[in-house]
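Everything on this sheet refers to the single structure shown next.
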There are 2 protein chains.
Amino acid sequence: MRQRHPWAAVDVVIFRVDGRALEALLVKIKHGPFRGRWAFPGGLVVLGEALDEAARRELFEKTPIHDVYLEQLFTFGDPDRNPARHVVSTTYFALLPASAAAPRAGTKYAEAGWFNVKRLPVLAYDHNRIAAVALERLRAKIAYTNVAYGLLPRAFTLGELQRVYEVIPGRPLDRRNFRRKILETGLIKPLHRYRRGAHRPAALYAFRERRLAAARRIFRWSDLG
Amino acid sequence: MRQRHPWAAVDVVIFRVDGRALEALLVKIKHGPFRGRWAFPGGLVVLGEALDEAARRELFEKTPIHDVYLEQLFTFGDPDRNPARHVVSTTYFALLPASAAAPRAGTKYAEAGWFNVKRLPVLAYDHNRIAAVALERLRAKIAYTNVAYGLLPRAFTLGELQRVYEVIPGRPLDRRNFRRKILETGLIKPLHRYRRGAHRPAALYAFRERRLAAARRIFRWSDLG
DNA sequence: GCAAAAGTGTTGAGATTACACCCATGC
DNA sequence: GCATGGGTGTAATCTCAACACTTTTGC
C-alpha cells in the first residue's frame, strides 16, 4: 500500500479596489522552472492543517491583517499544471480594503506587487486560468451578496461603495438608482457621521453585517453577461 | 525535502430524479473504521490523473453511462475528516436521467443504492456536509441554468420537466407560468412529436443545448431560501 | 362517463429603468 | 465663482404572480 498520490496545495487570489481599478496581488517566483514569473501566492498544505488555515497562512505572509474575507474558489488538478510534480491546488480568493497594509515579499518570493486585473502579465502555472475564474466569481457574487464589505473600510461613503460596484463588473451605474437599491437591500446602515474632504461632506455608512449575506440583486440580468 | 503532505481524493454525489423524489447514490463501505456505513463513492487521485478524470472514473464504476453532467462542487480538507490519514477531497456532483442503468456495487463496495435526499442516513466521513453543499448548489443552479438536461432523457414532456423543477427546490409551481417562462428562456425546443400514454398525448421537447448554459431566472427570489 | 394529465390568456401589483436639477464644500 | 462630488423624485415600461376552464386520451 505504498502508493503515491498528488499532494494538496493552496493558491490565493487577493483582490483590492484601488481608486478606479480592481487589483490582484502577485508575487515573483524565486526558484524552479517558473523563476522570475509572476504568480498568485501559494504553497503545499502541511499535514494536519486545514485547507482554510493553509490559505490564511499564505495570505498572512503577504499582508499581515486579520478580518479578511476569504472564500474557496475552485480546485485545479491537471497533472501537468506543475511540471515538477503533480499537485492539486485549491484556490481561494481574498478581499482587502484599499487601505490595508502594503504587501511584503517575505523570504519565499523575490517581489510582491499589485496589478490591475485587466492587465495581468502571463503568469506561472495555470494561474491566468485561476485569475479568470476568480474574477468571474467575484463579479457574480457582488451582484447578490454583501461581499463588497471585504473591499471597503468599516465606514465608507455611498460614492466609494458605488465605485466598487462599478469597477468589478466594469460598467457605470446610475447614481440615484444605485443609492435607492443598495439602501433597500438593508445591507448597509447610516452612521450619521460625515466625511469632510475636497467637496460637499458625504454621509458615512457601514455594512450591517461583516459576514457573507445574500441580498436581492443589485444589477440587472443583462449586466452579468 | 522529503516532506509529507495531504493526498488528493475525489468524491462524487450522483443525483437522479425518480418520479417525485430527488435521489442520491450511496455505497456501503467494506473496510476500515467506517465499515458498514453509507457514503458517496470516491477515492484517492492517482498520480498523473486529472481531477475530473478521477471523478469520472469513480462515477463510471457505479453507473456505466457516458454523457453525464459532472461539475466540481467544493473541496473539503479538514485534517480529521478521515481518521486514517489527512486526505483533501474534491467533491463533484453528477446528474443522471432517471432511465439510466442501475447502480452496481463493484468490487470496492458491499452495496450500492439510491436514497431520497430528504432521508439520507448518517454517512461516513463528512459526507452529510457534502450532501448539504451539493443540494444547495443544485438548487441554486437549476434556477438560472439548463442543468436540468442532465436529469432528463433527450425527449421529455413539459410535465416531466416541471416535476424536476418542483422536486429540487421542493415546492409546486404554477403550470401555466412555468410553461410560459421555460419556453421564453429558449433553453428547450419542441420536437413536434407526441408521447402517448394513459392520458392526453403530450408534446415532446428537448434541450437546445446539452451543455451548461445560463438563462434568465425561472424561480422568484424568495424561492431560493 | 370519469379520471388524469395537457393545453391555454389576462389582469393587477410591484419592480426596474431612464432621466435633471440643486447643494455644500475647498480652492 | 467654479469645479467636484453629494443629495433627491417621478413617470413609463416591464416583469411577475395569481388565477379557471376546456381538451384529449385510456380505461
Side-chain angles (χ1 to χ4, degrees), chain A residues 17 19-20 98 143-144 152-153 155-167 169 171-206 214-225, chain B residues 17 19-20 98 142-144 152 155-167 169 171-206 214-225:
Chain A
V17 172
R20 304 222 171 241
Y144 69 96
L152 287 161
F156 50 85
T157 66
L158 286 183
E160 290 163 345
L161 182 61
Q162 186 176 344
R163 232 161 293 135
V164 168
Y165 274 86
E166 287 178 329
V167 157
R171 66 198 90 199
L173 296 170
D174 180 88
R175 200 151 44 91
R176 290 160 291 188
N177 292 337
F178 175 75
R179 294 160 89 90
R180 179 162 16 85
K181 276 181 112 166
I182 202 81
L183 289 170
E184 274 173 4
T185 62
L187 293 177
I188 64 172
K189 58 175 189 228
L191 293 177
H192 306 297
R193 284 161 38 211
Y194 294 84
R195 168 165 307 158
R196 308 185 63 80
H199 309 295
R200 174 172 176 177
L204 288 171
Y205 292 82
R216 50 188 316 166
R217 192 162 284 277
I218 286 143
F219 300 118
R220 55 168 176 274
W221 266 106
S222 53
D223 276 0
L224 292 176
Chain B
V17 172
R20 305 227 169 237
I142 200 166
Y144 68 97
L152 288 161
F156 50 86
T157 66
L158 285 182
E160 290 163 346
L161 181 61
Q162 184 174 345
R163 231 161 293 136
V164 168
Y165 274 85
E166 287 177 329
V167 156
R171 66 198 89 200
L173 295 170
D174 179 88
R175 201 150 43 89
R176 290 160 290 185
N177 292 337
F178 175 76
R179 294 158 90 89
R180 179 165 15 86
K181 279 180 110 167
I182 202 80
L183 290 171
E184 274 172 5
T185 63
L187 293 177
I188 62 172
K189 60 177 189 226
L191 292 177
H192 307 295
R193 286 160 37 210
Y194 294 84
R195 169 167 305 160
R196 308 184 63 79
H199 309 296
R200 175 173 175 176
L204 287 172
Y205 291 82
R216 50 188 315 166
R217 193 161 283 277
I218 286 143
F219 299 117
R220 58 168 174 273
W221 267 106
S222 53
D223 274 2
L224 291 176

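So you know, we letter chains A, B, ... as the sequences are listed, proteins then strands, and number each from 1.
Expressed to the nearest 0.5 Å, how far CG of B/Leu158 lies from CD1 of B/Ile188 amounts to 5.0 Å. Distance check, rounded to the nearest 0.5 Å: CG of A/Asp174 to CZ of A/Arg179 gives 10.5 Å.
For B/Gln162 (side chain) and B/Leu173 (main-chain N/O), a donor-acceptor pair under 3.5 Å exists by modelled atom type.
Remark: C1' of D/dC16 and CD1 of B/Ile182 are 16 Å apart, rounded to the nearest angstrom. Between the P atom of D/dG7 and the CZ atom of A/Arg175 lies a distance of 9 Å, rounded to the nearest Å. Computed from coordinates, the A/Arg163 CZ to D/dT4 C1' distance equals 11 Å when rounded to whole Å. Between the CZ atom of A/Arg196 and the P atom of D/dG6 there is a distance of 14 Å, given to the nearest Å. Between the CZ atom of B/Arg200 and the C1' atom of D/dC27 there is a distance of 18 Å, given to the nearest Å. With rounding to whole Å, B/Leu183 atom CG is found 10 Å from C/dG7 atom P. B/Arg180 places its CZ atom 16 Å from the P atom of D/dC14, with the value rounded to the nearest Å. Rounded to an integer number of Å, the gap from CG of A/Leu173 to C1' of C/dC19 is 15 Å.
If you check every strand for non-hydrogen atoms under 4.0 Å, A/Ala202 touches sugar and phosphate atoms only.
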- Task: Any chance you could lay out the side-chain contact (heavy atoms from CB on, under 4.5 Å) test for A/Leu161 and A/Tyr205, step after step, and finish with the verdict?
- Result: CA-CA 9 Å; A/Leu161 182 61; A/Tyr205 292 82; over 6 Å; no
- Start with the C-alpha distance between A/Phe156 and A/Val164, add both sets of side-chain angles, then the distance that settles side-chain contact (heavy atoms from CB on, under 4.5 Å), and finish with yes or no. CA-CA 11 Å; A/Phe156 50 85; A/Val164 168; over 6 Å; no
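Nearest-nucleotide positions on DNA chain C place A/Asp174 closer to the 5' end than the other of A/Pro201 and A/Asp174. Judged by closest nucleotide on DNA chain C, A/Arg176 is the one of A/Gly197 and A/Arg176 placed further toward the 5' end. Annotation: of the two residues near DNA chain D, A/Gly159 and B/Asn177, the 5′-most nearest-nucleotide partner is A/Gly159.
When distances are taken from the side chain of A/His199 to each of C/dG7, C/dT25, C/dG9, the shortest belongs to C/dT25.
A sub-4.0 Å separation between OP1 or OP2 of D/dA17 and a side-chain N or O of B/Lys181 is present. Residue A/Arg179 places at least one side-chain N or O under 4.0 Å from the OP1 or OP2 atom of D/dG7.
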